[in-house]
2 protein chains.
Amino acid sequence: MRERKKQATREALREAALRLAVEHGPDRVRVEDIAEAAGVSPRTYNNYFASREQAIVSAVTADREARIAAAIAARPAGVRLADAVTEAVVEQYTNTGERGHEALLLITTRTALREAFLDTTAGIERPLAAVITDRLDDTETHTARVLAASVATAVRIALEGWLRPTGNADAAGSFEAGGLVVPSGSLPDQLRAALAPLAPAFDAAEQRTQP
Amino acid sequence: MRERKKQATREALREAALRLAVEHGPDRVRVEDIAEAAGVSPRTYNNYFASREQAIVSAVTADREARIAAAIAARPAGVRLADAVTEAVVEQYTNTGERGHEALLLITTRTALREAFLDTTAGIERPLAAVITDRLDDTETHTARVLAASVATAVRIALEGWLRPTGNADAAGSFEAGGLVVPSGSLPDQLRAALAPLAPAFDAAEQRTQP
DNA sequence: ATGCAAACTTGCGCGCACGCACTTTTCCTG
DNA sequence: CAGGAAAAGTGCGTGCGCGCAAGTTTGCAT
């Protein structure tokens, strides 16, 4: 019950943040405004979110982490773990609800929001590690955690590649300086391309536990 | 020449931050103090560092990124890429200079500093991606970037596992909740264990370009 | 029902990150 | 060598993150 109200407040903050951001533009909204719209004090606000951007982005990302983990767990035990992970990730990232896609356009226009959005990929690491550990029956080594973290960063890279064309010019410049040129395609393509190099690592880990 | 003075200021700030942190304790030092000790204004300080912790940690990590990349490039072309990366990483992380190790003890005692220290692993991603791209002759796909980023997070995981025993109890609790129990060993062991699962991915990528 | 303990919220205050406008230094070019 | 442009450093103001010490609500047990 205490937890109920907690989540209600969180949801109110999320929605208020997104609504105000859409109305007045992301830069024209202060924490004070969000808090007021949600009916709490500014101090309470950042008991829930560490930054203004987090609140806005969180309205879009919601609890994607849990959905991805659940989707992987739902796949039959027979399929390759690498495929299960890839499909679950692609599925959950293309299913942006009605309101999700319009908000995404807003996010892609502001650098600060894009970074906050990219930071959410780190959040999938723990749930992913849990479900992978379960599949591999590996509780002793770093294997599951490393694979989970690798997936998280691969997703991040895919999103970066996808957001690139919208980004400003110097960002592309710093990339070219790194010697990396990436043709941007659709989001699912980007995700699959980024996850593909990790498949051999999953296969090896999977074979070690189930020969 | 302009770059010269820039690096000199950076170095002065690094050293001042570390010295003051050791003298008065990391929490007892303000940005103002660091800036004064380095002979610049507080405003200039955070043209160089985004946070107080970054400055302190940076005195230890210096430019480890460049050293790792250089170490990989220095390995003969015959050896497995996975081995080259692993050895280079282990080498550069065990070579903490005279002053490095005493400062590490300080870092491990404060949570904020440990997090800043762990964040430095992200910095090796770009140099690593550059050198891996070079080895793989792969400039079109995400492969090199994904592998580089995976290595970076693997290193982070290894460092987390290594710092764990020093950490507070609830951190260990949240880990157990994730279903992960890791026996902590020496730093080189942790690094090798964390990088091992990625070796198949490197092998596959390497074989694709040089059959 | 009533009291108690834990947890959530709130007001307050300090230091810090960072944008903006300005001064000083450094470098280049005629 | 002089002058001007570019870059580094500085002062100032604003909003924010967060610790601390209350006040308030929730849940449990008596």
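Below, chains carry the letters A, B, ... as their sequence lines are ordered, and counting in each starts from 1.
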Handout entry: Any donor-acceptor N/O pair, B:Tyr45 side chain to B:Arg52 backbone, under 3.5 Å
Key =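 At least one qualifying donor-acceptor pair exists.
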Handout entry: Stretch residues 25-34 of chain A: residues that reach within less than 4.0 Å of DNA chain D through a heavy atom
Key =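 Nucleic-acid contacts, sorted: A:Arg30, A:Val31.
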Practice task
Could you tell me the separation between the CD1 atom of B:Ile72 and the CD atom of B:Glu91, rounded to the nearest 0.5 Å?
Solution key: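 Output value for this atom pair is 10.5 Å.
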Practice task
Write down the distance between CZ (A:Arg52) and P (D:dT14), rounded to a whole number of angstrom.
Solution key: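 That distance rounds to 16 Å.
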Practice task
Round to a whole Å and report the spacing from CD of B:Glu36 to P of D:dG9.
Solution key: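 Nearest whole value for this atom pair: 18 Å.
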Problem - Distance, nearest 0.5 Å, that separates CG of A:Leu104 from CG of A:Leu106 - result: 9.5 Å
Exercise for the section: Run the salt-bridge test on A:Arg114 and A:Glu53 with the 4.0 Å N-O cut-off and return the result as yes or no. Expected result: no
Exercise for the section: Kindly say if A:Asn46 contacts the phosphate of D:dG17, meaning a side-chain N or O under 4.0 Å from OP1 or OP2. Expected result: yes
What does the list of N/O pairs under 3.5 Å between the protein and nucleotides 6-10 of chain C look like, with a distance for each?
residue	atom	partner	partner atom	Å
C:dA7	O4'	A:Arg2	NH2	3.4
C:dT9	OP1	A:Tyr48	OH	2.6
C:dT9	OP2	A:Tyr48	OH	3.2
C:dT10	OP2	A:Ser41	N	3.2
C:dT10	OP2	A:Thr44	OG1	2.1

Problem - Pairwise distance CZ(B:Arg28) to CG(B:Asp33) - rounded to 0.5 angstrom - result: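 Taking CZ in B:Arg28 and CG in B:Asp33, the distance rounds to 12.0 Å.
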Handout entry: Distance in Å, A:Leu159 CG paired with A:Phe117 CZ, rounded so as to fall on 0.5 Å steps
Key =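 So the gap between those two atoms works out to 5.0 Å.
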Problem - Test item: B:Thr61 side-chain N/O and B:Arg64 main-chain N/O as donor-acceptor pair under 3.5 Å - result: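 Checking the backbone N and O of B:Arg64 against the side chain of B:Thr61, no donor-acceptor pair under 3.5 Å is found.
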Practice task
Return the minimal non-hydrogen interatomic distance between B:Arg75 and B:Ala88, and the atom names on each side.
Solution key: NH2-N, 3.5 Å
Practice task
For B:Phe49 and C:dG15, give me the distance from atom CZ to atom P, rounded to whole Å.
Solution key: 22 Å
